[in-house]
Amino acid sequence: MKRDRRLRVVVAAACALHTRILLAQSPPPQVIFFNGNIHTLDPSHPRAEAIGITDGRIVAVGSNAEVRGRAQPATRIEDLRGRTVLPGLIDAHCHVAGLGSFGLGRLNFGDAKSFDDVIGRIAARARSLPKGAWIVGGLWNHESWPGRELPSHDELSAVTPHHPVWIKRVDGHAGLANARAMKAAGISHDSSAPFGGEIVRDAAGAATGLFVDNAEALIERHLPAEASSPATLILKAQQMCLSVGLTGVHDAGITPDDVDVYRELAESGKLKLRVYAMISARHAVDYFKEHGPLIGERITVRSCKLYADGSLGSRGAWLLEPYSDRPRDESGKPYVGLSVSKPELLLQIAEDALQRGYQMCTHAIGDRANRETIDAYALALSRHPRKDHRFRIEHVQLLALDDIPRFKEHGIIPSMQPTHCTSDMGWIEERVGDRRARGAYAWAKLLRSGVPIAAGSDFPVESHNPFYGIYAAVTRQNVKGEPEGGWHPEERMTRTEALRAFTLDAAYAAFEEKQKGSLAPGKFADFIVIDRDIMTCDVREIPQTRVLRTVIGGETVYTAR
Ligand SMILES: [Zn+2]
C-alpha cells in the first residue's frame, strides 16, 4: 500500500515533465523486456522497443538503449525477439461465470446448423442422464438455421419426455423450454407473463415453449443450482481469457455473493485477471446502502447493471416505431418490443448511484430504450450533478440519429460490442428497415461526436477472443470477409480507434485510464506478446492472431505452448 502511494506521488510529480526525467527518478527496473515492437498507446511515445517493470508497475518505456541503461546487476532481462507487444486488452462487457460454464461443458449450440441438430444433441445428452435431470444449454441462433424461424417445443419434447430442458438463445434474451420443463415450472394455459416479458403462444393460445426477457424467470427459478462452484466457473473463464490476451474484463451483472467469491480469489492470489464488476440492478439499491465502492487491483465494484430492454434478435429491443418485420402483435396492437425495467426504477437507481458514488451501466439496445435511458440519466444528473459520473449505456445498438450528440452532451459512454454488429448485420435491415439501420452500431458517428467507445464482446454471447472484435470493428465484415467492403462501412473504426476501444477507452469507462490501457510509466505492467503486428498486417489476418504471452502486473500468467 505504502509503496503504491509513494509511486503515485512520483508519477504525479513527474507527469508533466518529459519521460526521461521520470526515468531518472523512478526506481530501477527489476525486469526489462527489450527488443520488442511495442505499441504503447501513449500518445506522447506511441512506439517503443523496451519496457522496465518494478513491483508490477511500469517504470520505463523507451528505446532498448534508454531502458537497458537503467538496468542494475540484479535486473532480469528478457528478449522479446522483435515480437509485437500491445497493452493488455480489456473486454468492457462480458459475463465471466457464463463463459466458465460453457468452458466446463454446458451444451453450446453456437455452431448448430439447424433446430434438428440441436434436438439431436439434446437427445444424446438425455440418454446419458438419469430421468428427471435438467438439460441446460445455450447460444442457439435461429437466424443461422434454414427457414430462420423461432423454434417451438413440440419436436424437442417428443424426444425428451423424461428430462426438463431449458436452452437459451444466443443473446440470452429468450429461452426454449420443453413440455417437461414447463410442467415443472407450473406453466399452464392461464399463466401470464410478468412485466417486460412474453410467453410466446400459438394461434390456439398454447405456449410454444419460448419465453422472452422477464418471462424467462418463470422457468429459470426452477433450475437446479449450477453444478460447478462460482469460483470454479470464474477460474475456468479466467484461463480462457488470459489465453486470448485479455488482462481485464468488465463483468456485466453479478450478485453480492459473487463479489465475495471474487474477493476471496483475489486475496488468495488466484485471481490474476483484473475484474471491474457491475452489481445487478435487483441487488443494487441494498448493496449501495451497505457498501461503499470497492476499488482494488484485481476486483473493483463501483457500478451497477440494469436492463432497459431485450435484444433485437428476439425482438425484445424497445423501439420508437414498430418492428419492420413484426409491425403488430397477435392482438393487432403495434409491436415495438419490450421495456423490461420501469422508467421510474431506472431514474431511482440513477439518482441513488449518483448520491453514493456509483456508476450506472444500463443495457439499452433499441432506439426507444436508449432514449429513455439518456432521458433518465439527464434528469438524475440535473437533480444530483456530478462532474465525473461516467454513466454508461451497454450495447447502444440502435440510435435515433438525434440522440447521438446527447452522449457527449451528458457525458455518457457508449459500451459496444463490434462482433454483435457482424453477427446481426444479415437481418438487421429486415427488423428495422433501411432508414433506421443508419443509426445501428453507429461507431464512427459516435466517435466523431466526441465520445470514447468502450469495446467488448458480451461473451459468451460472442467469442471471448478480442481479436475478432478488433477485426469486426475495422472491417464490419464476418470472418469470411462478407459483405464485400463491409456492412455500412462508413461506420468502421480505424485500427487505432479499435485498439483504443479495447484498451484505454475500456479503462476510461471504468475510471481506470490512469492505471491501465496503455504502456506508460506508473501504469500496471499489463501487456501481451502476439505473433503478428495487427496495426500493419493484412486486415484479414487479424482474427488469426495468436497470443504468445500474457503479462499482468509484471507476472507472466499465460504462455502459448
Ligand atoms: Zn451482456
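Being a predicted model, the structure only gives us computed values, none of them experimental. Values below: every heavy atom of this structure, side chains too, minus hydrogens, waters and symmetry copies. Each ligand, and each atom within it, is numbered from 1 in the order the structure gives.
Restricting H95 to its N, O or S atoms, the one at the least distance from the Zn ion (ligand 1) is NE2.
Taking the six-membered ring for Trp, Y307 and H173 have ring centres closer than 6.0 Å.
Atom OH of residue Y377 and atom NE2 of residue H410 lie 12.5 Å apart, to the nearest 0.5 angstrom.
Salt bridge status for R121 with D111: present, with a side-chain N to carboxylate O gap under 4.0 Å. Using a 4.0 Å cut-off between a side-chain N of Lys or Arg and a carboxylate O of Asp or Glu, K168 and E216 qualify as a salt bridge.
Within the coordination shell of the Zn ion (ligand 1), defined by N, O or S atoms under 2.8 Å, D458 is present. The distance from the Zn ion (ligand 1) to the nearest N/O/S atom of H363 is not under 2.8 Å. Among the atoms of H395, no N, O or S atom falls under 2.8 Å of the Zn ion (ligand 1).
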